[in-house]
Amino acid sequence: SNQSFLQMTQSFRSKLRFCALGLFLPGTGFNCFYLQGMKSFWAWMQLLSLLGGAMGYWLLQQNTSSSGAAWFLLILGFIAIEASWLTTIAFGLRPDEKWDAQFNTEAKDNQKTESGWPVVISVILSLILGAGVMMIFLAIGFEQFFMYQIEEARKISQ
């Protein structure tokens, strides 16, 4: 009755599917929606933060002077994407028995999770992408901060 369509149609939750959603669609919250349905607070927070980040990026593109609100929104989007890759790593590394105990208690035919290499590869790719995007974001953020400081110093000196 109150269960989402996804939960009614599929009681077994695949760790590989969760990891693939987190890896390939980061920040959308689809991996959390997959586990908990439409009631997932964290999925909605990720999705709204990603949309806010897209709006922040658009505002920065439209505005030649950096806007604090735009940077704040951009950071929210960045956090949503990184959180998705982090949950892929954390849940992907969880032992299969623990995964089944938490998410597959109502699985039909006593179906058990057997992760294998695809899950391990998705965890590795999430780590590589997460670290790479984090370094790029920090480099751009520090560059913008120091450019702003130089510009303000020029204004003061004139």
Side-chain angles (χ1 to χ4, degrees), residues 1-61 66 68-145:
S1 57
N2 282 354
Q3 293 180 336
S4 73
F5 176 74
L6 187 60
Q7 287 176 330
M8 289 189 294
T9 57
Q10 183 177 7
S11 59
F12 182 78
R13 296 199 183 49
S14 163
K15 191 194 298 187
L16 177 59
R17 192 168 294 145
F18 173 85
C19 290
L21 287 169
L23 173 63
F24 296 115
L25 299 171
T28 59
F30 289 169
N31 54 350
C32 296
F33 283 130
Y34 173 69
L35 286 183
Q36 298 177 319
M38 299 304 279
K39 67 179 180 179
S40 174
F41 172 78
W42 293 112
W44 286 110
M45 292 306 298
Q46 274 189 31
L47 186 57
L48 292 173
S49 295
L50 183 68
L51 294 174
M55 180 183 283
Y57 179 77
W58 180 79
L59 287 171
L60 284 174
Q61 295 302 312
S66 294
W71 273 101
F72 177 77
L73 290 171
L74 189 66
I75 289 169
L76 282 180
F78 166 75
I79 290 171
I81 291 170
E82 289 289 329
S84 186
W85 285 325
L86 185 60
T87 56
T88 299
I89 294 166
F91 283 91
L93 292 176
R94 180 178 288 198
D96 291 344
E97 299 78 29
K98 196 172 178 184
W99 172 270
D100 285 335
Q102 186 171 0
F103 300 113
N104 288 324
T105 55
E106 300 171 9
K108 297 174 185 167
D109 304 326
N110 291 334
Q111 196 173 2
K112 300 287 181 206
T113 300
E114 294 180 21
S115 294
W117 281 105
V119 171
V120 172
I121 291 170
S122 70
V123 167
I124 291 168
L125 291 174
S126 292
L127 180 61
I128 291 168
L129 286 171
V133 169
M134 172 87 67
M135 287 187 275
I136 291 168
F137 191 83
L138 289 173
I140 291 170
F142 283 125
E143 175 194 32
Q144 292 297 314
F145 173 75

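What's counted below: heavy atoms across the whole structure, side chains too, no hydrogens, waters or symmetry copies.
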Trainee: I'd like to know if K112 and D96 make a salt bridge, using a cut-off of under 4.0 Å between side-chain N and carboxylate O.
Mentor: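 Not counted as a salt bridge, because no side-chain N and carboxylate O are separated by less than 4.0 Å.
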Trainee: If you compare all heavy atoms of A80 against all heavy atoms of Q46, which two are closest, and at what distance to 0.1 Å?
Mentor: CB-O, 3.5 Å
Trainee: Report the C-alpha separation of S14 and Y34 in whole Å, then their side-chain angles, then the decisive distance to 0.1 Å, and conclude whether the side-chain contact (heavy atoms from CB on, under 4.5 Å) test is met.
Mentor: CA-CA 9 Å; S14 163; Y34 173 69; 3.6 Å; yes
Trainee: Counting only N and O atoms by type, is there a donor-acceptor contact under 3.5 Å from the side chain of S122 to the main-chain atoms of V119?
Mentor: yes
Trainee: Are N104 and Q111 close enough, and set up right, to give a side-chain contact (heavy atoms from CB on, under 4.5 Å), and what steps lead you there?
Mentor: CA-CA 8 Å; N104 288 324; Q111 196 173 2; over 6 Å; no
Trainee: If you compare all heavy atoms of A70 against all heavy atoms of L59, which two are closest, and at what distance to 0.1 Å?
Mentor: CB-CB, 3.7 Å
Trainee: For the OG atom of S115 and the CZ atom of F91, what is their distance to the nearest 0.5 Å?
Mentor: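 Result: 13.0 Å between the selected atoms.
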Trainee: Looking at every heavy atom in both F12 and D100, which two are closest together, and how far apart are they?
Mentor: CE1-OD1, 4.2 Å
Trainee: Taking the inter-plane angle between the rings of F137 and F78 on a 0 to 90° scale, is it parallel (under 30°), tilted (30 to 60°) or perpendicular (over 60°)?
Mentor: parallel
Trainee: Which heavy atom of L21 sits nearest to which heavy atom of F30, and what is that distance?
Mentor: CD1-O, 3.7 Å
Trainee: After noting the C-alpha distance and the side-chain angles of F18 and W99, does the key distance pass the side-chain contact (heavy atoms from CB on, under 4.5 Å) rule?
Mentor: CA-CA 11 Å; F18 173 85; W99 172 270; 3.8 Å; yes
Trainee: Just verifying a value: how many Å separate E106 CD and R13 CZ, rounded to the nearest 0.5 Å?
Mentor: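 Between E106 CD and R13 CZ, I get 7.5 Å after rounding to 0.5 Å.
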Trainee: Okay, side chain of T87, backbone of S84: is any donor-acceptor separation there less than 3.5 Å?
Mentor: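 Between the backbone of S84 and the side chain of T87 there is a qualifying donor-acceptor contact (under 3.5 Å).
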Trainee: For V123 and G92, which heavy atoms make the closest approach, and how far apart are they?
Mentor: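 Scanning both residues, the minimum pair turns out to be CG2-CA, 3.7 Å.
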Trainee: Looking only at heavy atoms, what is the nearest atom pair of P118 and L16, with distance?
Mentor: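 The pair with the smallest heavy-atom distance is CB-CD1, 3.6 Å.
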Trainee: Going through the distances and angles, do L23 and L129 end up as a side-chain contact (heavy atoms from CB on, under 4.5 Å)?
Mentor: CA-CA 9 Å; L23 173 63; L129 286 171; 3.8 Å; yes
Trainee: Once rounded to the nearest 0.5 Å, what's the spacing between atom CD1 of I79 and atom CG of L50?
Mentor: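 Spacing of CD1 (I79) from CG (L50) equals 12.5 Å.
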Trainee: Enter the distance from W85:CH2 to I128:CD1 here, rounded to the nearest 0.5 Å.
Mentor: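 That separation rounds to 11.5 Å.
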Trainee: Judged by atom type as modelled, is there a donor-acceptor pair below 3.5 Å linking the side chain of W44 to the main-chain atoms of M38?
Mentor: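 A pair under 3.5 Å: yes.
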Trainee: Measuring from L73:CG to Y57:OH, what's the distance to the nearest 0.5 Å?
Mentor: 14.5 Å
Trainee: Which value, rounded to the nearest 0.5 Å, describes the distance between I81 atom CD1 and L86 atom CG?
Mentor: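 I81 CD1 to L86 CG: 13.5 Å, rounded to 0.5 Å.
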